[in-house]
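Working notes, beginning with the structure itself.
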Amino acid sequence: MKNIDSLLSDDLIKAKIPGETSGIEIKKTICSICNPTTHCGIDAYVRNGTVIKVEGSLNHPHNEGTLCCKGAASRQYIYHPERIKAPLRKKGDGKSGLFEAIDWDSALDDIASRLQKIKVDSGPEAVVFFAGYSKWMRPFLQRLAHLFGTPNYCSESSTCFFATLISSMLTYGDMGGPDVEHARCLMMWSANPMHSETPDARHLMDAKQNGMKIIEVGPFLTPMSRLADLHLRLRPGTSGALALGMANIIIQENLHDLAFVSKWSYGFDAFKTYAAEFTPSVTSQITNVPAGLIIKAARLYATTKPAAMYNGASATVHHTNGVQNHRAIVTLIGLTGNFDCKGGNKVISPSYCHVPAGFVTREAEFEHPCPWDGMAPRAGHDRFPIWSAVVNEAQAMHVPTQIDTGVPYPIRAMVAFGLNYRMWPGSDHMQASLKKLDFLVDVDLFMTDSAKLADIVLPAASSFERSEMKIWPERYAMWTQPVIAPIGQSRSDIDIICDLADRLNLNDPLLSQGHEACMDWIMAPIGLKMAELKVSPQGRFIENQPLTPYLKYEKDGFATPTGKMEFTSSLLAEAGLDPLPRYMEPAISPVSTPHIAEKYPLVLTTGARLPMFIHSRTFRLPWNRMIRPDPKLDLNPLDARSRQISHNDWVQLETPRASIKVRANITEITPPGVVNMYHAFPGADVNLLIEPDYLDPISGYPGFKSLLCQINKTDNIDKECLCGHN
Ligand code: SF4
């Protein structure tokens, strides 16, 4: 065997060994395929300006050398043949659907003049600025929108995370994340970090090895189920009832934190009286969880101190009763005295792009430079007043309705980054609404089905081709530098936004100076300068910042109207809504709509993650798609057997609204009576099966996870119609 010194240059290149002889250099960057709270550090092996290999950065404190299967396929992502390589404009009157390449100046000039004309004719609010994936440009896009004069900046967060945030804000005026490192018990409530937050999952496994108890709540068997001491497999949409049932046991058995509740809570007596309705047997009847298991879980969580709660971003709020479900869940944290304590749910300030690093920056000031009262009401303002009171954005779920009705004012144009109309319930409705716009711009890496609707499409650069200021919860920061030249004429989203600001004559002293100067301004309170970060391309820890203390409410109170944790919400009461975290059946369920359940007896849940996909972003990557080439519906063997359905059969999945053809994936992952469908498949888009107005009246979030459906065996079909990319 040759030793490394005697290897020839070709051997070294073949083995991808970096060094002068091979000409291979390791350059530091990040994966930004999924959300900003992860963004794993990457070692990009670059030769002759091409990435030939990627590895997780071993010395990066967030992912410590790991990558999930999406990040591991980064080369297929950045070099995909379907990358958009130049700005594109619809040809002629647009009816042919064909595009022609144009230069950047023409594209930006055209966009600016069309937007200015709409602003003059219909007001700035007639233009919506929308951020889908990726999310890194959001503060810049929001600033652009507000400086343009429209209140209608909105984002993919209209269906992700913000409803859980609203629930916490209504209850605590803040949100606490699980302090896993110090917890002795962890309640995992509808969360599956193995699929959605892989860097977090490693810490959970370590904590479990160190003796932490895990209670898992959720209908499906997940990789977490193997680690869990107890698993409560509830009926989808009944989390609120289960939480109230657990609260009742905790109160009845005097396991609650009396000192905290007496001094720091508001509305406890009303809550106690209401929760008493949820006896173990009533709760069991509603949730399908055995009463004995509910009692065990309540006692374990309340008596193992400290205990933390780990919630998925959206699973509990993708129901028409979502916010109240989630409010009931989070009351358990305060009830047991686990709010903001060591090993409980600790409040850490978000520092940039939702990353809780614990120091306050000027991000909020940057992204929202103009007062709301100088602008028109946001889309969805009247329909979802609590959303508007808590969230700094328009509610995107209302946008198609406003495009259709023109009430209270017309929406005529949209400038979108990473638009995907398949994230809306009744996705065909959103698609049709987008076609009614006078002007649509989309910025993306790929020519998606949504981009095809646009008048102008701009090519975005991947994280490998541009710079980005990135911060992690470990108080680590990087200013990434491009590791390769942009593919084609693609550009950084933020550079596009800054150029648009110039062309729209916004005269903004920050955006006009560009990305780096803006980041210096945002990070000024912690004295972080991009020029200094550049000196350490691998990133560095942010030092000399005070650590976030525990129990901050003891000094400052809670940021709620009463200054206390609110079992009964003052804001909900003020809005004429039920102040208690009242349990309601999902609007469509075997209990609330038995007449529908006669024909559609199965509960349909959608939107859960798979490890190889982040929505549809990685559908086109061969390594990832080969794991699930066809749309598949998970169903329990009992439900399959009663319908004579075999594994991999094509079946018709039907709701009262529509039907799609999918393959049967027979698995005990789903309990009997419940089926689960991954979202966003172009030829089998499950969101077609959901009514556009199937929304939680408080948050506007769609009821993606509690529908009724039926499945029937059908003939095999031509695969060609299902294997699109989106
Ligand atoms: S997609 Fe995977 S590798 Fe990339 S940031 Fe997310 S978890 Fe990390």
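Residues take their numbers from the sequence shown, with the count starting at 1. These numbers come from the heavy atoms of this one structure, side chains and all, not from hydrogens, waters or symmetry mates. Order of appearance sets the numbers: ligands from 1, and atoms from 1 within every ligand.
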* When rounded to the nearest 0.5 angstrom, what is the spacing between OG1 in Thr222 and NE2 in His195? ->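 Reported to 0.5 Å precision, the distance equals 7.5 Å.
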* Structure fact -> Paired with Trp424, the ring pair (Phe, Tyr, Trp, His ring centres under 6.0 Å) test is passed by just one of Phe704, Tyr701, Phe130, namely Phe130
Show which side-chain atoms of residues 457-466 pair as donor or acceptor with protein atoms under 3.5 Å away, not counting sequence neighbours.
unit_1: Ser462; atom_1: OG; unit_2: Phe464; atom_2: N; d: 3.2
unit_1: Ser462; atom_1: OG; unit_2: Glu465; atom_2: OE2; d: 2.5
unit_1: Ser463; atom_1: OG; unit_2: Ile30; atom_2: O; d: 2.8
unit_1: Glu465; atom_1: OE1; unit_2: Arg83; atom_2: NH2; d: 2.9
unit_1: Glu465; atom_1: OE1; unit_2: Ile487; atom_2: N; d: 3.1
unit_1: Glu465; atom_1: OE1; unit_2: Ser490; atom_2: OG; d: 3.2
unit_1: Glu465; atom_1: OE2; unit_2: Arg83; atom_2: NH1; d: 2.9
unit_1: Glu465; atom_1: OE2; unit_2: Arg83; atom_2: NH2; d: 3.4
unit_1: Glu465; atom_1: OE2; unit_2: Ser462; atom_2: N; d: 3.3
unit_1: Arg466; atom_1: NH1; unit_2: Glu468; atom_2: OE1; d: 2.8

* To do: With sequence neighbours left out, write down each residue that passes salt bridge (Lys or Arg N to Asp or Glu O under 4.0 Å) with Arg491, or none if nothing qualifies.
  =>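 With neighbours one apart ignored, the set is Asp499.
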* Partners meeting side chain to side chain contact (heavy atoms under 4.5 Å, CB included) with Ser190 (sequence neighbours left out) ->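 Here the qualifying residues are Ala315, Thr316.
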* Asked: Taking the six-membered ring for Trp, are His354 and Phe162 parallel (under 30°), tilted (30 to 60°) or perpendicular (over 60°)?
  -> perpendicular
* Every N, O or S from the protein that is nearer than 2.8 Å to atom 6 (Fe) of ligand 1 -> Cys34 SG
